[in-house]
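For the single chain, residues carry numbers from 1 onward in sequence order. Only a predicted model underlies this, so the values are computations on that prediction, with no experimental measurement involved.
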Amino acid sequence: MALLCRHFFAPLIIFLSITGAIYLFKPQIEDNMYHNLYYVQQGEQKISTADQIKEVKKYYPNAAITSFTPSFEANRSSVVSMNDYGESVSVYVNPYNGNIIGNLNENDRFMAFVKNLHNGELWGGTIGNRLVELAACWAVILIITGVYLWWPRNKKSIFGTLIPRLRMSKGKRVFWRDLHSVTAIWLSLFIIIQLFSGLMWSGVWGDAANKIVSKTGSGSPVGLQPWESYAFPKSTIPTKEVADVPWAAENLPVPKSNAKGVTLISVEKVVETVKEKKVHPGYKIVFPMDDTGVYTVFLDPANVYPNRPMPWAQQTLHIDQYSGKVLADLGWKDYGSLGKLISLGIAFHQGEFGLISQLFILALVIGIVMIAVSGFVMWWKRRPKGKLGAPSLPENFKMLKVVAIIILVFSIFFPLVGLSLIMVWILDWLVIKRVTKVKQWIG
């Protein structure tokens, strides 16, 4: 199994590191690419939200308005998002005069392309996404077992584990070994955090973890107390189905508006309510999907640049489209302990604590690439000529047993890992052990 990880998942981890490093600088890259759309000349007075949307409707009479992002800086444009003949289009508006600056198909964004490369959906669909998840799961196991195997057990072993041996007389093989082990030891904790925070978006483990966190109530409020029955009404629709809200708010139930003989409130009323709730500028207003729908307003700090607020500024509101009542208000103070911890992990994963954090994560992914490449080089130098070079059994069987136990425990914790072990066992039993040439080639 270790051989499979090295030959298949190591290249995939390198690929994920490269695409992740690019996506890490999404704010700066998009700010440069779409500068003419994002920025306007500062004026004296901004026109109303309704008037801005009205100007857009003149040019897109058949489009359905889906959301509105108010200008959050004096020199920033407003964004009216719509569904235009099945396409998700964002129209950028000068908030001072209502002039349309330009539009952008959300699917044509460069960073949308990078994101879909990173999550595997572009090159493999659901299967690609599962392979990305499996690679991340095995990376966690390799880091933990690697630290266990390489952890210094005496003063002499500190060199080459915690401290690199820089003398060239030791040879190139020692150089690659120390590059691999020392880098991995020092970065192991941060790599684990990076992997687990990324797994929170995965389709199998991530969905299961999200459900468990929600059921325990340690992620966000679930509406079990009397006062919560109003604040967080029961619903079969999670918020993530109507808006791309922060992770901790994804499973917040979407309440229904009361349409009994009540007229619709204006968008201006929604904006006033948002100001009263002191939501940080940079929020998005998602329009009701139907007669019983609600206005969903949320702030995701990751979407604000350059004056990005800290992760604990994130907030999600559901507002009745008829009465204007706030049916749900979920902020950092409402998150459970796990909800806060996971949200901070996700923010760390995306470098949301400013440029310093982005540079730190960049250094981290460079370290991950170094670990993967040095591991491949070490295998290449040691493998027998004409063979794949499967590693031989270690002399210390006690350590091998501990490693086996760690892998078995994680095969239960990570369902895809357990499935991959079963598939490899079947392959070994049906092919490798029965075909002599394959067995010899494996080595």
Side-chain angles (χ1 to χ4, degrees), residues 20 22-35 37-40 49 52 65-82 88-93 95 101 103-116 118-119 197-198 200-201 239-250 252 270-271 274-275 277-287 295-318 330-332 335 342-355 357-358 361:
I22 296 172
Y23 196 77
L24 180 66
F25 292 93
K26 174 187 174 182
Q28 290 91 338
I29 293 173
E30 288 200 333
D31 194 71
N32 182 66
M33 292 182 68
Y34 310 122
H35 190 87
L37 295 175
Y38 286 1
Y39 292 90
V40 298
T49 297
Q52 292 180 52
I65 306 297
T66 56
S67 68
F68 177 76
T69 304
S71 167
F72 55 88
E73 297 281 358
N75 63 341
R76 290 296 294 252
S77 59
S78 300
V79 186
V80 178
S81 299
M82 62 181 67
S88 179
V89 179
S90 293
V91 179
Y92 294 82
V93 183
I101 304 169
N103 63 71
L104 184 63
N105 189 317
E106 290 299 312
N107 293 325
D108 293 338
R109 285 181 179 269
F110 172 68
M111 280 302 166
F113 169 75
V114 174
K115 181 180 180 180
N116 288 331
H118 186 68
N119 62 29
S197 58
M200 294 311 301
W201 286 298
T239 300
K240 63 182 177 181
E241 291 191 14
V242 299
D244 189 21
V245 295
W247 181 88
E250 287 184 346
L252 176 67
V270 176
V271 173
V274 172
K275 288 181 179 179
K277 290 295 180 179
K278 297 181 180 179
V279 181
H280 193 284
Y283 60 83
K284 174 183 285 190
I285 303 171
V286 180
F287 286 49
Y295 284 101
T296 297
V297 181
F298 68 94
L299 170 74
D300 185 352
N303 296 330
V304 182
Y305 181 82
N307 299 317
R308 174 184 283 175
M310 289 292 104
W312 41 86
Q314 57 187 254
Q315 194 169 350
T316 304
L317 307 177
H318 288 308
L330 182 64
W332 188 262
Y335 293 0
I342 293 170
S343 296
L344 289 174
I346 290 174
F348 172 82
H349 186 95
Q350 298 188 123
E352 294 179 22
F353 295 97
L355 180 60
S357 70
Q358 288 178 301
I361 300 300

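In terms of heavy atoms, I22 sits closest to M111 at O-CE, 3.5 Å. Among all heavy-atom pairs drawn from W332 and P311, the shortest one is CE3-O, 3.9 Å. The nearest pair of heavy atoms linking Y92 to S77 is CD2-OG, 3.6 Å. Nearest heavy-atom pair, P246 versus T316, reported as atom, atom and distance to 0.1 Å: CD-OG1, 4.0 Å. Nearest heavy-atom pair across I101 and L37 is CD1-O, 4.0 Å. Nearest heavy-atom pair across S78 and P95 is OG-CB, 3.6 Å.
Remark: the Y39 side chain and the D31 side chain contain an N/O donor-acceptor pair separated by less than 3.5 Å. No side-chain N or O of E352 forms a donor-acceptor pair with one of Q358 less than 3.5 Å apart.
Under the 3.5 Å distance criterion, the side-chain polar atoms of S67 are left unmatched by any main-chain donor or acceptor of V286. The main-chain N or O of G282 is never found under 3.5 Å from a side-chain atom of R76 such that the two would form a donor-acceptor pair. A donor-acceptor pair under 3.5 Å is absent between the side-chain atoms of N32 and the main chain of Q28, judged by distance alone.
Annotation: ring-ring contact (aromatic ring centres under 6.0 Å, His included) contacts of F298 (sequence neighbours excluded): none. For F287, the ring-ring contact (aromatic ring centres under 6.0 Å, His included) partners at least two apart in sequence or on another chain are Y295. The salt bridge (Lys or Arg N to Asp or Glu O under 4.0 Å) check on E73 picks up nothing, with sequence neighbours excluded.
Side chains of T49 and F68 form a contact here, defined as non-hydrogen atoms less than 4.5 Å apart. With contacts defined as side-chain heavy-atom distances shorter than 4.5 Å, the pair H318/T239 qualifies. Residues Q315 and L330 have side chains not in contact (no heavy-atom distance under 4.5 Å, counting atoms from C-beta outward). Using a 4.5 Å cut-off on side-chain heavy atoms (C-beta onward), N303 and Y283 make no contact. Counting heavy atoms from C-beta outward, V93 and V80 have side chains that approach closer than 4.5 Å. The closest side-chain heavy-atom distance from K277 to L317 is below 4.5 Å.
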### Task
Under the side chain to side chain contact (heavy atoms under 4.5 Å, CB included) rule, what do V270 and V297 come out as? Steps first, then yes or no, please.
CA-CA 9 Å; V270 176; V297 181; 4.0 Å; yes
### Message
With side chain to side chain contact (heavy atoms under 4.5 Å, CB included) as the criterion, how do D300 and D244 come out once you've worked through the C-alpha distance, each side chain's angles and the decisive distance to 0.1 Å?
### Response
CA-CA 9 Å; D300 185 352; D244 189 21; 5.7 Å; no
### Message
Applying side chain to side chain contact (heavy atoms under 4.5 Å, CB included) to Y335 and S343, what does each step give before you reach the verdict?
### Response
CA-CA 9 Å; Y335 293 0; S343 296; 3.9 Å; yes
#### Entry: side chain to side chain contact (heavy atoms under 4.5 Å, CB included) between W201 and I346, intermediate numbers included
CA-CA 9 Å; W201 286 298; I346 290 174; 3.3 Å; yes
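Here the CZ atom belonging to F353 is positioned 10.0 Å from the CZ atom belonging to R308, to the nearest 0.5 angstrom. Remark: H349 NE2 to I342 CD1 distance equals 14.0 Å, nearest 0.5 Å. Y38 OH to N75 CG: the interatomic distance, rounded to the nearest 0.5 Å, is 13.5 Å. Distance check, rounded to the nearest 0.5 Å: CD of Q350 to CG of L24 gives 9.0 Å. A distance of 10.5 Å separates OG in S90 from OH in Y34, rounded to the nearest 0.5 Å. Atom OH of Y23 sits about 9.0 Å away from atom CG of N116, to the nearest 0.5 Å.
Between W312 and H280, the distance separating the two ring centers is not shorter than 6.0 angstrom.
Counting non-hydrogen atoms of neighbouring residues, nucleotides and ligands closer than 6.0 angstrom, the NZ atom of K240 exceeds 12 such neighbours.
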